Amino acid sequence: MVIVVDGFDPAYLEHGLANGTLPTMQSFKERGFLGIADCCLPGTTNTNNTSIVTGVPPVVHGINGNYYLDSETGKEIMITDASRLRCGTILGALSRAGVQTAVVTAKDKLLKVLAYQMSGINFSSEYAHKASLEENQIENVEKLVGRQQPDQYSADLSLFVLDAGVEILSSFRPDIMYLSTSDYVPHKHAPGEPEADAFYHQTDAIFGKLVALGATVAITADHGMNDKSASDGTPNVVYLEDELNSRFGAGSVRIICPIADPFVRHHGALGSFVRVHLRKPGDIPAMMAFTRTLSGIELVLDKQQVCKQFELPLDREGDFAVLSDRHTVVGARRGDHNLSQLAGHRLRSHGGLGEQKVPFLLSRPLNAEYRKRAKDGPLHNYDIFDFALNGVE
Ligand SMILES: [Zn+2]
């Protein structure tokens, strides 16, 4: 059972272990394995879920964000299917080898990649009511889970995924299962807030049920999460497209935010990693040097450098990449980002180096070879299938 807990920053785990609200994960720490891994950058949901189901970084699988600029047409495109995927998945290969596989995800937009060329139960809690034998190889999901399909903007969207995992495991006994939640709660609530404590306590209880049913449970996250607001609650934002165009001339650049998502209510499409695309020939080193002077910017890398450092596909990169620090987000134009939907919450987001660390947990102890691998590092979240399948005693 491989579970990707969306936005599960190590701070939630540390907090919950310290205050005793995560007894199942505490038992993993004592009798299984608890480590910290790196996620792939940009630290977005679909980049990392794709890395985890393929076991490789974006330079191989091709998915380098939720949103991109098509260099041939100049159009900006949201990724909602597997058309940019450049390799097969572990789940697809297992299923073709006759292993019974199942996938449940919170967000429907991920389903086409997660269940790519896989036969077996697959559905999203977002569209649980629509699941059919023909499309999803399962029906009556609401009845199976024992409640109605949750609201898209709710903690239950994730809990429904995990509860469905328990019911599917008891009723259908698949060999391998992949569960992926939503980051609704971590975008809204910091470690220590009662809503966050309650949510992770509930997820931990469900992990306990999976262990009791005999599963090997492996847990990681797609990215961490940080507070990106000033002490007065206003978000710390660098509107980089405005900054660069006012300095280097109107229409010089377009900024693409790979975090942009139809599911944007809680971050306004603002994260800590953007791609700068030149609209006309310009002085890239001068633009990069200027960007480095802006407050809250942590790292500016040209196309070659960013692809080398973060294992990204060169043909899908912008002219340069900009990463903001753990307290700051970086966006395009002020008008591109609607922050009114934060509705009084502090902005919490992800995507950069400050959110690269994620938990890496297994319910069973590692064998000697994988203990050594974990110790020597680097450990990536996309190693989780390998560890779950080959690395436990
Ligand atoms: Zn996510």
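Remember, it's a predicted structure, so these values are computed and weren't measured experimentally. Every number for a ligand or one of its atoms is a count from 1 in the order of the listing.
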So, using side chain to side chain donor-acceptor pair (under 3.5 Å) as the criterion, who are the partners of Thr234 when residues are at least two apart?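 For Thr234 the side chain to side chain donor-acceptor pair (under 3.5 Å) partners, ignoring immediate neighbours, are Asp232.
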
Calculate the angle formed at the Zn ion (ligand 1) by OG1 in Thr45 and NE2 in His223; 10° precision is enough.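 Answer comes to 120°, rounded to 10°.
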
Taking the Zn ion (ligand 1) as the vertex, what is the angle from OD1 of Asp6 to OD2 of Asp222, given to 10 degrees?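 Result: 90°, to 10°.
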
Can you name the residues that form a salt bridge (charged side-chain N to carboxylate O under 4.0 Å, His left out) with Arg31, not counting sequence neighbours?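 Arg31: no salt bridge (charged side-chain N to carboxylate O under 4.0 Å, His left out) contacts found.
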
Short N/O/S contact of Thr44 with the Zn ion (ligand 1) (below 2.8 Å):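 Not a single backbone or side-chain N, O or S atom of Thr44 is under 2.8 Å from the Zn ion (ligand 1).
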
Please find out if the Zn ion (ligand 1) and some N, O or S atom of His350 are separated by less than 2.8 Å.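 So His350 does not count as coordinating the Zn ion (ligand 1).
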
Between His350 and His187, does the ring centroid distance fall short of 6.0 Å?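 Ring-ring flag for His350/His187: true, centres closer than 6.0 Å.
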
Strictly under 6.0 Å, is that where the ring centroids of Phe199 and Tyr12 end up?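 Between Phe199 and Tyr12, the centre distance exceeds or equals 6.0 Å.
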
